Amino acid sequence: MEIQRPRGTRDFLPGEMAKRRYIESRLREAAKRWGYGEIKTPTFEHIELFTLKSGEGILGEIYNFKDKGDREIALRPELTAPVVRMYVEELQRSPKPLKFYYFDNCFRYERPQKGRFREFFQFGVEIIGSSRPESDAEVIALAVEMLKSAGVRGDLHVGHLGIVRTLLKDIQPEHQNKIMRLVDKKDDKGLEQFLDEINAPFEMRGRLFRLIGLHGVNALQEARELTGDIEAMSQFEALLDLLDVYGLEYQVDLGIARGLDYYTGMVFEIYCEGLGAQNQVCGGGSYRLAQLFGGEDTPSTGYAIGFDRVMEICQAVPEMEKRIVVVSFEDTRKEAIVIAKKLREHVLTYIDVMGRKFKDQISYANTIGASHVVIVGKNELDAGKVALKDMKTGEQELLAVEEVAERLSE
RNA sequence: GCCUGGGUGGGGUAGCUGGUCAUCCUAUGGGACUGUGGAUCCUACGACUCGGGUUCGAAUCCCGACCCGGGCCCCA
């Protein structure tokens with residue numbers, strides 16, 4: 001084997017593709033029914049789009065190159081930034097809210113492991129123009145719905161960055177970010193150490209630790225006691241209230257930080273078993289990126305589903321399409337081609353292209369799991385008919401081509 | 001970038017305490033079978049991931065690279 005596919009990439013064979021397309025269509029259907037329109041952005045963008053959003057630090061994980069015009073180009077490592085760029089570039093004046101979905105490949109230069117590849121696929125949704133809990137709730141509900149339609153069950157964790165941020169408001173922004181990162185990692189020791197380092201007020205530290213440790217039915221109430229009457233808390237309460245209306249099961253988790261600095265309010269993640277260390281199949285939240293890309297400040301909410309991870313664990317299986325094989329003899333090959341062409345208007349039809357003998361053609365039909373075989377022989381043609389053989393029962397009857405077509409398109 | 005386990009025909013394997021044509025199963029192509037399918041038989045095809053080193057001799061031992069699995073970092 002001389003040339004292999006690059007590391008972290010995959011080939012998808014017909015069997016696998018059938019399954020992927022099936023799951024993809026389930027996700028698409030869900031997004032469409034909820035009123036989201038499909039969009040597509042370029043495979044590559046100016047690299048600033050991603051460094052602006054995520055910092056220079058991500059350069060190490062980006063596939064980038066200089067094009068012949070000396071422009072720094074990056075293969076998209078994710079799709080939220082391109083969508084917002086698209087919005088700022090051509091949709092700022094359109095009626096709100098804007099609801100988009102997308103399904104595309106992304107590229108990251110990372111060490112591959114279970115559920116992680118260098119070329120991977122994200123199915124995402126963004127709603128632009130609303131900062132209300134209604135849109136946050138809708139987005140979360142849609143995420144759950146999509147996974148459900150793909151046959152995946154997961155644990156939904158919901159948090160709100162505004163709450164922890166409010167608690168940290170007297171701390172310098174850089175320190176805040178560092179703290180959020182440690183919180184997200186659930187690295188309590190590291191967090192304590194860092195708070196020591198920056199001499200964080202003792203009283204605040206206690207509240208922070210209690211806040212991020214909250215869970216269970218009383219979490220919300222205790223959170224309110226810890227934070228007092230703040231805007232973020234009210235928003236969060238309204239959101240959870242709506243999630244109940246949607247009938248969702250969730251866990252309050254104020255320790256979610258999503259690793260990034262641009263999320264502003266609600267954040268959520270969905271975890272699944274059976275994926276090893278990469279157990280997050282979906283993540284998202286509300287954010288404000290439009291301004292960063294030169295547009296007006298616009299609230300948005302969205303998420304991305306790790307499509308490859310869904311494929312890894314999903315239960316849904318497409319049913320195999322019915323297929324038939326037209327078999328013929330040396331002296332009826334041409335007639336058979338014409339008949340196959342007609343039958344293809346109604347059913348998935350194969351015809352021999354290997355110059356095989358009659359018997360081997362039937363054997364092949366058996367190998368590929370054909371439900372029927374249409375026999376085109378001299379005897380049949382003389383009668384103006386063909387023979388339709390049921391591969392399950394072995395029975396066979398003489399029919400006109402039209403009758404066969406009718407029978408098989410059921 | 002780091003740690004860890006592993007790479008033998010298309011798939012699955014034996015050999016791996018160095019030494020006959022590298023084993024077996026399966027898949028695939030052709031044939032036995034000139035108008036009827038999962039069987040059988042024959043035949044063809046096809047592998048030691050790559051590069052160095054040790055040795056008279058390496059699939060086997062050593063080193064490196066590449067790739068795969070799992071984990072760490074990261075996870076937009």
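Computed from a predicted model, the values in this text were never measured in an experiment. Each chain gets a letter, A, B and so on, in the order the sequences are listed, and its residues count up from 1.
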>> Does atom CD (A:Glu48) have a neighbourhood of more than 12 heavy atoms from anything else shown, all under 6.0 Å?
In response: yes
> Which pairs count as salt bridge (charged side-chain N to carboxylate O under 4.0 Å, His left out) when at least one residue sits in residues 330-351 of chain A, sequence neighbours excluded?
Replying inline: A:Glu330-A:Arg333, A:Arg333-A:Asp352
> Excluding sequence neighbours, so at least two apart, what forms side chain to side chain donor-acceptor pair (under 3.5 Å) with A:Asn199?
Replying inline: none
> Counting heavy atoms not belonging to A:Arg207, are there more than 12 under 6.0 Å from its CZ?
Replying inline: yes
>> If I take atom NZ in residue A:Lys185 and atom C1' in nucleotide B:rC74, what distance separates them, rounded to the nearest angstrom?
In response: 8 Å
>> Any base atoms under 4.0 Å from A:Lys114, or only sugar-phosphate, or nothing? Heavy atoms, all strands.
In response: sugar-phosphate
>> Can you tell me how the ring of A:Trp34 sits relative to the ring of A:Tyr246, calling it parallel under 30°, perpendicular over 60° and tilted otherwise?
In response: parallel
>> In whole Å, measure the gap between the P atoms of B:rA44 and B:rC24 for me.
In response: 14 Å
> Rounded to whole angstrom units, what separation is found between the CD atom of A:Glu61 and the P atom of B:rG1?
Replying inline: 11 Å
> Of the residues in residues 74-90 of chain A, which ones touch RNA chain B at a heavy-atom distance under 4.0 Å?
Replying inline: A:Pro77, A:Glu78
> If each of A:Ala370 and A:Lys357 is mapped to the nucleotide of RNA chain B with the nearest heavy atom, which maps nearer the 5' terminus, i.e. the 5' end?
Replying inline: A:Lys357
>> Pairing check on B:rG1: which nucleotide meets the Watson-Crick or G-U wobble criteria with it, both distances under 3.5 Å?
In response: B:rC72
>> In terms of relative ring orientation, are A:Tyr63 and A:Tyr109 parallel, tilted or perpendicular, with 30° and 60° separating the classes?
In response: perpendicular
>> Walk along nucleotides 42-47 of chain B from 5' to 3' and tag each nucleotide B, S or - by protein heavy-atom contact under 4.0 Å, base first, then sugar-phosphate.
In response: ------
> Expressed as a whole number of Å, how far does the P atom of B:rU17 sit from that of B:rC25?
Replying inline: 25 Å
>> Quick check for you: to the nearest 0.5 Å, what is the distance between A:Cys106 atom SG and A:Phe120 atom CZ?
In response: 4.5 Å
> Given atom CD of A:Gln361 and atom P of B:rG37, what is their separation to the nearest angstrom?
Replying inline: 13 Å
> Excluding sequence neighbours, so at least two apart, what forms side chain to side chain donor-acceptor pair (under 3.5 Å) with A:Glu397?
Replying inline: A:Arg407
> Using the C1' atom in both, what is the distance from B:rG30 to B:rG12, to the nearest Å?
Replying inline: 24 Å
> Where along residues 373-409 of chain A does a heavy atom come under 4.0 Å from RNA chain B, residue by residue in number order?
Replying inline: A:Ile375, A:Gly377, A:Lys378, A:Asn379, A:Glu380, A:Lys389, A:Met391, A:Gly394, A:Gln396
>> The criterion is ring-ring contact (aromatic ring centres under 6.0 Å, His included); which residues satisfy it with A:Tyr87, sequence neighbours excluded?
In response: none
>> On a heavy-atom basis, which atom in A:Thr301 and which in A:Ser135 lie closest, and how many Å separate them?
In response: OG1-OG, 4.1 Å
> How is A:Glu110 classified with respect to the nucleic acid when contacts are heavy atoms under 4.0 Å: base, sugar-phosphate, or nothing?
Replying inline: base
> When the distance from OH of A:Tyr287 to P of B:rA76 is rounded to whole Å, what number comes out?
Replying inline: 14 Å
>> Run the side chain to side chain donor-acceptor pair (under 3.5 Å) test against A:Arg356 and tell me which residues pass, sequence neighbours left out.
In response: none
>> Between B:rA65 and B:rC45, how many Å separate the two C1' atoms, rounded to a whole number?
In response: 31 Å
>> Less than 6.0 angstrom separating the ring centers of A:Tyr271 and A:His157, yes or no?
In response: yes
>> Nearest heavy atom decides the nucleotide; on that basis, is A:Gln278 or A:Leu275 closer to the 5' end of RNA chain B?
In response: A:Leu275
Exercise answer: donor-acceptor pairs, residues 96-105 of chain A side-chain atoms, under 3.5 Å, sequence neighbours excluded:
{"unit_1": "A:Lys96", "atom_1": "NZ", "unit_2": "A:Gln92", "atom_2": "O", "d": "2.8"}
{"unit_1": "A:Lys96", "atom_1": "NZ", "unit_2": "A:Ser94", "atom_2": "O", "d": "2.9"}
{"unit_1": "A:Lys99", "atom_1": "NZ", "unit_2": "A:Glu138", "atom_2": "OE2", "d": "2.8"}
{"unit_1": "A:Tyr101", "atom_1": "OH", "unit_2": "A:Arg28", "atom_2": "NE", "d": "3.4"}
{"unit_1": "A:Tyr102", "atom_1": "OH", "unit_2": "A:Glu126", "atom_2": "OE2", "d": "2.8"}
{"unit_1": "A:Asp104", "atom_1": "OD1", "unit_2": "A:Lys40", "atom_2": "NZ", "d": "3.1"}
{"unit_1": "A:Asp104", "atom_1": "OD1", "unit_2": "A:Arg76", "atom_2": "NH2", "d": "3.3"}
{"unit_1": "A:Asp104", "atom_1": "OD2", "unit_2": "A:Lys40", "atom_2": "NZ", "d": "3.3"}
{"unit_1": "A:Asn105", "atom_1": "OD1", "unit_2": "A:Arg76", "atom_2": "NH2", "d": "2.8"}
{"unit_1": "A:Asn105", "atom_1": "ND2", "unit_2": "A:Glu119", "atom_2": "OE2", "d": "2.7"}

>> Once salt bridge (charged side-chain N to carboxylate O under 4.0 Å, His left out) is applied, what residue pairs with a partner in residues 295-317 of chain A remain, sequence neighbours excluded?
In response: A:Arg10-A:Asp308, A:Arg20-A:Asp308, A:Arg93-A:Glu296, A:Lys114-A:Glu312, A:Arg288-A:Asp297
> Can you check the A:Lys359 NZ to B:rG31 C1' distance for me, whole Å?
Replying inline: 12 Å
>> Tell me the interatomic distance from A:Gln113, atom CD, to B:rG5, atom P, rounded to whole angstroms.
In response: 17 Å
>> Whole angstroms only, please: what is the CG-P distance between A:Leu13 and B:rU28?
In response: 16 Å
>> Would the base of B:rC74 count as contacting A:Arg116 through its side chain, where contact means a donor and an acceptor less than 3.5 Å apart?
In response: yes
>> Suppose you measure atom C1' in B:rG10 against the same atom in B:rC42; what distance do you get, rounded to whole Å?
In response: 22 Å
>> In this structure, how many angstroms lie between the C1' atom of B:rC74 and the CG atom of A:Asp187, rounded?
In response: 14 Å
>> Roughly how many Å apart are B:rU49 and B:rC16, using the P atom of each and rounding to a whole number?
In response: 16 Å
>> Can you see if the side chain of A:Arg181 gets near the phosphate of B:rC75 - specifically, an N or O under 4.0 Å from OP1 or OP2?
In response: yes
Between the protein and nucleotides 64-68 of chain B, list every N/O to N/O distance that falls short of 3.5 Å.
{"unit_1": "B:rC68", "atom_1": "OP1", "unit_2": "A:Gly8", "atom_2": "N", "d": "3.2"}
{"unit_1": "B:rC68", "atom_1": "OP2", "unit_2": "A:Arg7", "atom_2": "NE", "d": "2.7"}

> Considering all heavy atoms of both residues, which atom of A:Cys282 and which atom of A:Ile305 are nearest to each other, and what is their separation?
Replying inline: SG-CG1, 3.8 Å
>> I'd like the P distance from B:rG38 over to B:rU28, given in whole Å.
In response: 13 Å
> On a whole-Å scale, what distance lies between the C1' atoms belonging to B:rC67 and B:rU26?
Replying inline: 25 Å
> Base, sugar-phosphate, or nothing for A:Ala365, non-hydrogen atoms under 4.0 angstrom?
Replying inline: nothing
May I have the list of side-chain donor-acceptor pairs in residues 366-387 of chain A shorter than 3.5 Å, sequence neighbours left out?
{"unit_1": "A:Thr367", "atom_1": "OG1", "unit_2": "A:Ser363", "atom_2": "O", "d": "3.0"}
{"unit_1": "A:Glu380", "atom_1": "OE1", "unit_2": "A:Gly377", "atom_2": "N", "d": "3.3"}

